[in-house]
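Being a predicted model, the structure only gives us computed values, none of them experimental. Worth knowing before you read on, the calculation uses all heavy atoms, side chains too, and leaves out hydrogens, waters and symmetry mates.
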Amino acid sequence: MENLEIVQKVGVVLVCVYLSWRIIRYIWSFLDVEKDPLIVLVTGAAGQIAYALFPMIAKGAMLGPDQPVILHMLDIEPAGDILKGVKLELMDGAFPLLKGVITTTDVIEACKGVDIAIMLGGFPRRKGMSNKDLISKNIGIYKAQASALEQHADTNCKVLVVANPANTNALILKEYAPSIPEENIISLTRLDHNRALNQLSENLNVHVGDVKNVIMWGNHSSNQYPDANHAMVNIGVGHKSVKELVTDDNWLNTEFITNVQRRGEVIIKSRRLSSALSAASATCDHMRDWILGTPKGTWVSMGVYSDGSYGIQPGLIYSFPVTCEKGEWSIVQGLKIDKFAREKMDALEKELIEEKNFAYSCLH
């Protein structure tokens, strides 16, 4: 009799648990509402970086596995047929998160309602072109695109400039889109950041995922400065600094830097094309961290609007170490800067001031 009562009690408990589970699922079905799609503009959409980037966006690698997207693809008129072909491929990909694709050569149509703008398009560098030549060629492009974003994009639109010279192109865009918050206009230095992580992982024979907190200071240019002074490596039972683990300190101030600076040239020489896949991956990494946040204890490099941190002139788009949370970035403060790093940082500041002054002279 006693055993029967126990069985009955267990049965009642199981029934209650089952019913509670059904009730919770029923209530959750009302709460688990699909997010509204975000409209993502990609300029230079017929190019190779865009071609590598689109599947990452459509699969949720950039904005999260539960975030639907609508793609706006913009390029110049001669690329119209290529855009149509890329759209057909995206449709054939049957991506559940992809809720629509608009292909256009009209900058105004492309910018309507945009939440995120990824600016891959720009005048390509030709042989023998200086940075000043490139800036003057890109001013008209970025003036038109910035004006369209200003008038037609969402008021809190986030803009990532990838096309070179990225820092100064971002400044031009900011000039002609004044209502977009200055903290929402950023240039890409994540490709250089990722290249620096890879160089350290190869030197130390560790997985690249175990290395963090390198810094790309300043400008995306041939003089860029990858700084490993604060980088850390996960050794399984904690973290050690790269400076402790690298046996040749001279390597960090010479070959490490030049390897990162020249990586693009090496890829072009081998591939006979520029680094599209790694650039797309870096773009995806940048936006993911900006929108969804950086892991605790980790910073990344972004070209952001200088507030005077580390003695850098306010008003430049300068690459700093940043952390991100809830769609907002913050410059990492209080890092010790040695004499070697200071000289590199100041040289890049000077370079960006010269680019800015030249760009503004062309604007006015």
Side-chain angles (χ1 to χ4, degrees), residues 29 32-124 141-142 144-146 148-149 151-154 156-163 188 190-191 194 271-292 327:
S29 69
D32 189 22
V33 178
E34 186 179 79
K35 294 179 179 179
D36 291 332
L38 290 176
I39 299 176
V40 180
L41 165 66
V42 178
T43 71
Q48 290 203 36
I49 298 175
Y51 190 72
L53 178 63
F54 287 135
M56 300 179 194
I57 300 173
K59 281 181 175 290
M62 190 174 86
L63 299 175
D66 61 345
Q67 178 59 65
V69 294
I70 296 171
L71 282 172
H72 285 197
M73 300 161 59
L74 174 68
D75 215 308
I76 57 176
E77 287 190 13
D81 286 341
I82 297 174
L83 289 181
K84 292 175 184 176
V86 176
K87 177 179 178 178
L88 293 176
E89 285 209 79
L90 283 168
M91 296 295 98
D92 290 346
F95 300 104
L97 292 173
L98 187 58
K99 301 302 180 181
V101 179
I102 292 175
T103 63
T104 183
T105 58
D106 181 351
V107 67
I108 292 175
E109 181 185 10
C111 291
K112 286 181 179 176
V114 164
D115 299 295
I116 293 169
I118 299 174
M119 317 302 283
L120 303 180
F123 192 91
I141 296 170
Y142 274 83
Q145 293 178 351
L149 286 169
Q151 295 176 45
H152 302 287
D154 183 85
N156 196 39
C157 176
K158 286 180 163 52
V159 183
L160 172 61
V161 179
V162 179
L188 184 78
R190 185 59 175 267
L191 177 55
N194 287 352
R271 189 173 174 259
R272 295 176 178 80
L273 292 167
S274 62
S275 43
L277 178 59
S278 54
S281 181
T283 300
C284 181
D285 290 344
H286 177 115
M287 291 307 307
R288 181 196 64 235
D289 286 343
W290 188 8
I291 302 297
L292 302 180

Considering non-hydrogen atoms only, spot the tightest contact between [X] and [Y] and give its length.
X      : Y      : value
Gly44  : Ala50  : O-CB, 3.6 Å
Asp75  : Gly47  : OD2-N, 4.1 Å
Leu90  : Phe95  : O-CD1, 3.6 Å
Ala52  : Ala276 : CB-O, 4.3 Å
Ala279 : Ile49  : CB-CD1, 3.9 Å
Tyr142 : Gly122 : CE1-CA, 4.5 Å

Do [X] and [Y] come close enough that some side-chain heavy atom pair is under 4.5 Å?
X      : Y      : result
Pro68  : Lys35  : yes
Leu41  : Leu149 : yes
Ile102 : Lys112 : no
Asp289 : Arg190 : yes
Ile116 : Val69  : no
Leu191 : His286 : no

Quick one: does any side-chain atom of [X] pair with a main-chain N or O of [Y] as donor and acceptor, under 3.5 Å?
X      : Y      : answer
Lys87  : Val101 : yes
Thr43  : Leu120 : yes
His72  : Ala110 : yes
Ser281 : Leu277 : no

Can you tell me how far [atom2] of [Y] sits from [atom1] of [X], rounded to the nearest 0.5 angstrom?
X      : Y      : atom1 : atom2 : result
Leu160 : Met287 : CG    : CE    : 6.0 Å
Leu83  : Met73  : CG    : CE    : 5.0 Å
Ile76  : Thr105 : CD1   : OG1   : 9.5 Å
Ile57  : Leu97  : CD1   : CG    : 12.0 Å
Met119 : Leu188 : CE    : CG    : 13.5 Å
Ile291 : Lys158 : CD1   : NZ    : 5.0 Å

Worksheet entry | Lys99, NZ: over 12 other non-hydrogen atoms inside 6.0 angstrom |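 Counting other residues, nucleotides and ligands, NZ of Lys99 exceeds 12 neighbours.
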Fill in: Greater than 12 external heavy atoms within 6.0 Å of Asp36's CG
no
Item to complete: Begin from the C-alpha positions of Lys84 and Leu88 and carry the test side chain to side chain contact (heavy atoms under 4.5 Å, CB included) through to its verdict.
Response: CA-CA 6 Å; Lys84 292 175 184 176; Leu88 293 176; 5.6 Å; no
Practice prompt. Could you walk me through whether Met62 and Ile118 pass the side chain to side chain contact (heavy atoms under 4.5 Å, CB included) test, one step at a time?
Written response: CA-CA 12 Å; Met62 190 174 86; Ile118 299 174; 3.8 Å; yes
